[in-house]
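Reviewing the structure listed below.
Model, not experiment: these values are computed from the prediction.
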Amino acid sequence: MRRTADSNRSSRWSRSSAKAALALAGAFWLFALISPARSTPDPAKPGPPIEFLQGRFWKNFRLQDFALHGVIESERESYPIQLILHDRKMIYDFENPPFQIRVEIQPEQSIVERRRQKREPWQPVSGRARMSPILDTDITYEDLCLDFMRWERIRPLGTDHIKTLTAWAFDAVPPPGTSAYTKVRYWIAAEYYALLRADGYNGAGELIKRLEVNGVQRIGEAYVIKEMQVSSFDPKKESSSRTLINIRRGEALPPEARTVPSGTGARCPRTPGLASHLGN
């Protein structure tokens, strides 16, 4: 009965997701002058040592073998996309224009590559190219790599609350010249060891980027992303833009396809508790 209910719920989401995505895209301009929500971590309630937290995070960050189908909605365009997931590897396959990005996220480093056609060799994305936007979205190649999770300069800020979940907050500072951000503040769910939000700041201490998971969904026995939002902020113009990643359906990869590197950097631990908090 539970699987039948989950299947019906997934079907209802598939039928309504197109209208929902258009409604959200049309509402973007209404929020252009609204300041992003701020949180206040409590230093009197410290979290666990960062080494322990990183160990648990990377242990949980293992991707099921799935093909996810959805759309990336920028303020100007809608891009149908397929995400192929495998272990800590992923392929973002854009249909129009044809374009692929391959990302491998490991505790030691992240590797990102791209190509225009499937038969072309992969080309590494490095240096300042990692900081460039993907198509006309608010997402950069750097944003896909979760580099801030392995920076050495990390300061714990205490306990906070994100989307009703208790979370531990941290400030991470990159090595000079390696990031578009001078600092990234991120939140890890205390109960699930999952990334909930990451905020990127400029040299003046102003928020310029936010990545947050808005919902997860169940596919088979696993939970994967349903919606993620990436927002860019221009402090000088007091304006913002937003890009939504909506996953509408997914299926397990057949055994013969599971050797292909693939995945999504916004995968959540397989736990129904997290899904109930973020939206199922």
Is Arg88 reaching over with its side chain to a backbone N or O of Trp58, donor-acceptor style, under 3.5 angstrom?
yes
Side-chain donor or acceptor of Arg115 paired with backbone N/O of Glu120 under 3.5 Å:
yes
Would you name the heavy atoms of Phe233 and Leu207 that are closest together and state the gap between them?
CB-O, 3.4 Å
When you look at Tyr193 and Phe57, which way does the ring pair (Phe, Tyr, Trp, His ring centres under 6.0 Å) test go after all the steps?
CA-CA 5 Å; Tyr193 297 95; Phe57 176 85; 9.4 Å; no
Can Ile50 be reached from Trp168 by stepping across I, L, V, M, F, W or Y side chains whose heavy atoms are under 4.5 Å apart?
yes
Which heavy atom in Ala67 sits nearest to a heavy atom in Gln82, and how many Å separate them?
CB-OE1, 4.0 Å
Quick check for you: to the nearest 0.5 Å, what is the distance between Glu77 atom CD and Asp136 atom CG?
6.0 Å
Can you name the closest pair of heavy atoms from Pro80 and Val71 and give their distance?
N-CG2, 4.2 Å
Got a donor-acceptor contact below 3.5 angstrom from the Thr182 side chain to the Asn202 backbone?
yes
Please determine whether residues Val125 and Phe99 belong to a single hydrophobic cluster, defined as Ile, Leu, Val, Met, Phe, Trp and Tyr linked transitively by side-chain heavy-atom distances below 4.5 Å.
yes
What distance separates Ile111 CD1 from Gln106 CD, expressed to the nearest 0.5 Å?
8.0 Å
If I take atom CD from residue Glu75 and atom OG1 from residue Thr137, how far apart are they, to the nearest 0.5 angstrom?
11.0 Å
Test: Arg249 and Glu251 ion pair at under 4.0 Å
yes
Which residue, Ile247, Leu244, Leu211, forms the side chain to side chain contact (heavy atoms under 4.5 Å, CB included) with Met228?
Leu211
Which heavy atom of Thr40 sits nearest a heavy atom of Asp160, and at what distance?
N-OD2, 3.7 Å
Test of understanding: clusters of I, L, V, M, F, W, Y form through side-chain heavy atoms closer than 4.5 Å, transitively. Do Ile162 and Leu157 belong to the same one?
no
Could you pull out the closest heavy-atom pair between Ile154 and Ala172, with the gap in Å?
CG1-CB, 4.0 Å
Starting from Val103, can I reach Trp151 by hopping between I/L/V/M/F/W/Y residues whose side chains sit under 4.5 Å apart?
yes
Does the plane of the ring in Tyr79 sit parallel, tilted or perpendicular to the ring in Phe94? Use 30° and 60° as the thresholds.
perpendicular
For Thr166, does its backbone N or O pair with a side-chain atom of Glu191 as donor and acceptor, under 3.5 Å?
no
Pair Asp199 + Arg185: basic N to acidic O under 4.0 Å:
no
Rounded to the nearest 0.5 Å, how far apart are CZ of Arg210 and OH of Tyr201?
7.0 Å
If every non-hydrogen atom of Thr243 is compared with every non-hydrogen atom of Ser74, which pair is closest and at what distance?
OG1-CA, 4.0 Å
Can you tell me how far apart CD1 (Ile81) and CD (Glu95) are? Round to the nearest 0.5 Å.
9.0 Å
With distance as the sole test, does Asn214 use its side chain to make a donor-acceptor pair with the main-chain N or O of Glu227 at under 3.5 Å?
no
Run the side-chain donor-acceptor check on residues 139-148: report pairs under 3.5 Å with partners two or more places apart or on a different chain.
from   : atom 1 : to     : atom 2 : distance (Å)
Thr140 : OG1    : Glu142 : N      : 3.4
Thr140 : OG1    : Asp143 : N      : 3.2
Thr140 : OG1    : Asp143 : OD1    : 3.3
Thr140 : OG1    : Asp143 : OD2    : 3.1
Tyr141 : OH     : Arg114 : NH1    : 3.1
Glu142 : OE1    : Ala180 : N      : 3.2
Glu142 : OE2    : Ser179 : OG     : 2.4
Asp143 : OD1    : Tyr181 : OH     : 2.8
Asp143 : OD2    : Thr140 : N      : 3.0
Asp143 : OD2    : Lys209 : NZ     : 2.7
Asp147 : OD1    : Arg130 : NH2    : 3.2
Asp147 : OD1    : Arg150 : NH1    : 3.0
Asp147 : OD2    : Arg130 : NH2    : 2.6

In Å, rounded to the nearest 0.5 Å, how long is the span from CG of Leu195 to OH of Tyr186?
9.0 Å
